[in-house]
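On a predicted model such as this, the values are computed, not experimentally measured, just so you know.
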Amino acid sequence: MRRLLFGVAAFLAASLALAQSPGDKLPSVIMAPVGTVQLRAGSSTTLPLDFRIGAEYHINSNKPRADYLIPTVLKLNPTDPVAVAEVKYPEGQDMTFAFSPNEKLSVYSGDFTINAVLKAPPNAAAGSYPVKGELRFQACDRSACYPPRSIPVQFELTIKK
């Protein structure tokens with residue numbers, strides 16, 4: 001089911017990209033829909049957040065190899081009492097490109113997953129809590145980099161007693 005939803009989201013993103021004029025080419029990064037997220041009060045859960053980068057692009061990893069490169073960063077702002085305990089990024093792929101042929105860059109391309117560890121205190125009230133945030137990244141193609149962008153990240157988390 002997740003793949004079907006991801007495929008539909010990718011199709012919609014591709015349709016929007018094709019509707020733009022050739023000079024307005026924008027790198028696409030989309031997030032797969034998040035299913036039901038449940039958490040027991042007093043515990044934590046690891047939530048995989050799946051992203052897809054357009055075929056012609058790559059984005060810097062969370063730990064790029066040079067200080068001047070902009071890292072990919074996931075920021076989540078959960079509603080109290082939900083808290084983010086940790087964000088776990090995948091390792092980047094080492095690749096070289098025409099704009100920096102002597103330097104290997106740590107990048108993400110295609111599909112990648114960031115794991116967010118969410119927790120709730122033992123006294124958390126049962127209910128549904130929105131979690132909003134953003135994924136900030138700098139996308140590049142084989143010859144140039146584009147200005148940094150952010151896409152929204154949002155889902156609901158249900159706390160059970």
Side-chain angles (χ1 to χ4, degrees), residues 1-20 24 26-65 67 69-93 105-140 145-161:
M1 181 65 172
R2 183 178 254 187
R3 280 188 188 214
L4 175 64
L5 292 172
F6 208 47
V8 169
F11 173 77
L12 291 173
S15 297
L16 288 172
L18 291 174
Q20 297 175 359
D24 295 334
L26 281 177
S28 67
V29 176
I30 58 172
M31 180 177 148
V34 176
T36 303
V37 182
Q38 294 186 355
L39 177 61
R40 287 212 175 285
S43 67
S44 65
T45 188
T46 299
L47 175 65
L49 298 169
D50 298 319
F51 298 92
R52 176 170 287 168
I53 302 165
E56 300 174 21
Y57 305 99
H58 63 272
I59 63 176
N60 294 321
S61 75
N62 177 255
K63 294 185 179 176
R65 301 226 184 279
D67 291 339
L69 296 173
I70 297 169
T72 295
V73 177
L74 176 67
K75 290 187 180 178
L76 295 175
N77 303 305
T79 305
D80 282 338
V82 178
V84 177
E86 185 178 8
V87 175
K88 299 176 184 177
Y89 296 90
E91 286 192 31
Q93 300 169 285
L105 303 179
S106 177
V107 301
Y108 302 139
S109 60
D111 296 347
F112 69 100
T113 300
I114 297 174
N115 290 300
V117 180
L118 305 168
K119 64 180 182 175
N123 62 348
S128 184
Y129 298 90
V131 178
K132 295 183 179 185
E134 68 179 17
L135 180 73
R136 183 164 168 75
F137 58 90
Q138 182 173 28
C140 305
C145 290
Y146 296 83
R149 293 184 51 217
S150 295
I151 60 169
V153 172
Q154 57 187 32
F155 54 90
E156 292 283 323
L157 183 138
T158 302
I159 294 179
K160 303 231 179 217
K161 280 290 185 183

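Looking at Asn115, its side chain never comes within 3.5 Å of a backbone N or O of Lys88 through a donor-acceptor pair. No side-chain donor-acceptor contact under 3.5 Å links Thr158 to the backbone of Gln38. The main-chain N or O of Tyr146 is found under 3.5 Å from a side-chain atom of Gln138 such that the two form a donor-acceptor pair. For the pair Lys119 (side chain) and Glu86 (backbone), a donor-acceptor distance under 3.5 Å is absent. When atom types are taken as modelled, the side chain of Tyr89 and the backbone of Leu74 share a donor-acceptor pair closer than 3.5 angstrom. Remark: the backbone N or O of Arg52 is not paired with any side-chain donor or acceptor of Tyr108 at under 3.5 angstrom. Using modelled atom types, no side-chain atom of Asn77 and backbone atom of Gly133 make a donor-acceptor pair closer than 3.5 Å.
For the pair Leu47/Val34, a side-chain contact is recorded, criterion being any heavy-atom separation below 4.5 Å from C-beta on. Proximity of Val87 to Val117: side-chain heavy atoms (C-beta onward) are nowhere separated by under 4.5 Å. Taking 4.5 Å as the limit, every side-chain heavy atom of Pro71 sits out of range of all side-chain heavy atoms of Asn60. Residues Pro148 and Arg136 have side chains in contact (heavy-atom distance under 4.5 Å, counting atoms from C-beta outward).
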side-chain contact (heavy atoms from CB on, under 4.5 Å) evaluation trace for Ile151 with Ile30: CA-CA 8 Å; Ile151 60 169; Ile30 58 172; 5.8 Å; no

Test Asp111 against Phe51 for side-chain contact (heavy atoms from CB on, under 4.5 Å), laying out the working first. CA-CA 6 Å; Asp111 296 347; Phe51 298 92; over 6 Å; no

Can you check side-chain contact (heavy atoms from CB on, under 4.5 Å) on Leu118 and Leu157, steps first, answer last? CA-CA 9 Å; Leu118 305 168; Leu157 183 138; 3.6 Å; yes

Report the C-alpha distance between Thr113 and Asp50 in whole Å, list the side-chain angles of each, state the deciding distance to 0.1 Å, and finish with yes or no for side-chain hydrogen bond (donor to acceptor under 3.5 Å, both in side chains). CA-CA 5 Å; Thr113 300; Asp50 298 319; 2.6 Å; yes

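To the nearest 0.5 Å, atom CZ of residue Phe137 and atom CZ of residue Arg149 are 4.5 Å apart. From Leu135, atom CG reaches atom CD1 of Ile114 across 5.0 Å, with rounding to the nearest 0.5 Å. In this structure, CG on Leu49 lies 5.5 Å from CZ on Phe155, to the nearest 0.5 angstrom. In this structure, CG on Leu105 lies 8.5 Å from CZ on Arg65, to the nearest 0.5 angstrom. Here the straight-line distance linking atom CG of Leu76 with atom NZ of Lys132 works out to 13.0 Å at 0.5 Å rounding. Here the CG-SG distance, from Leu69 to Cys145, works out to 7.0 Å after rounding to the nearest 0.5 Å.
Of all the heavy atoms in Tyr129 and Pro81, the pair that sits closest is CE2-CD, 3.3 Å. The two residues Ala41 and Pro122 make their nearest non-hydrogen contact at CB-O, 3.7 Å. Residues Thr79 and Pro130 share a closest heavy-atom pair of OG1-O, 2.8 Å. Considering all non-hydrogen atoms of both residues, Ser128 and Glu156 come closest at OG-OE1, 2.7 Å.
Each of Ser109, Ser106, Ser61 was compared with Gln93 under the side chain to side chain donor-acceptor pair (under 3.5 Å) criterion, and only Ser109 meets it.
No more than 12 heavy atoms of other residues, nucleotides or ligands sit less than 6.0 Å from atom CD of Glu91.
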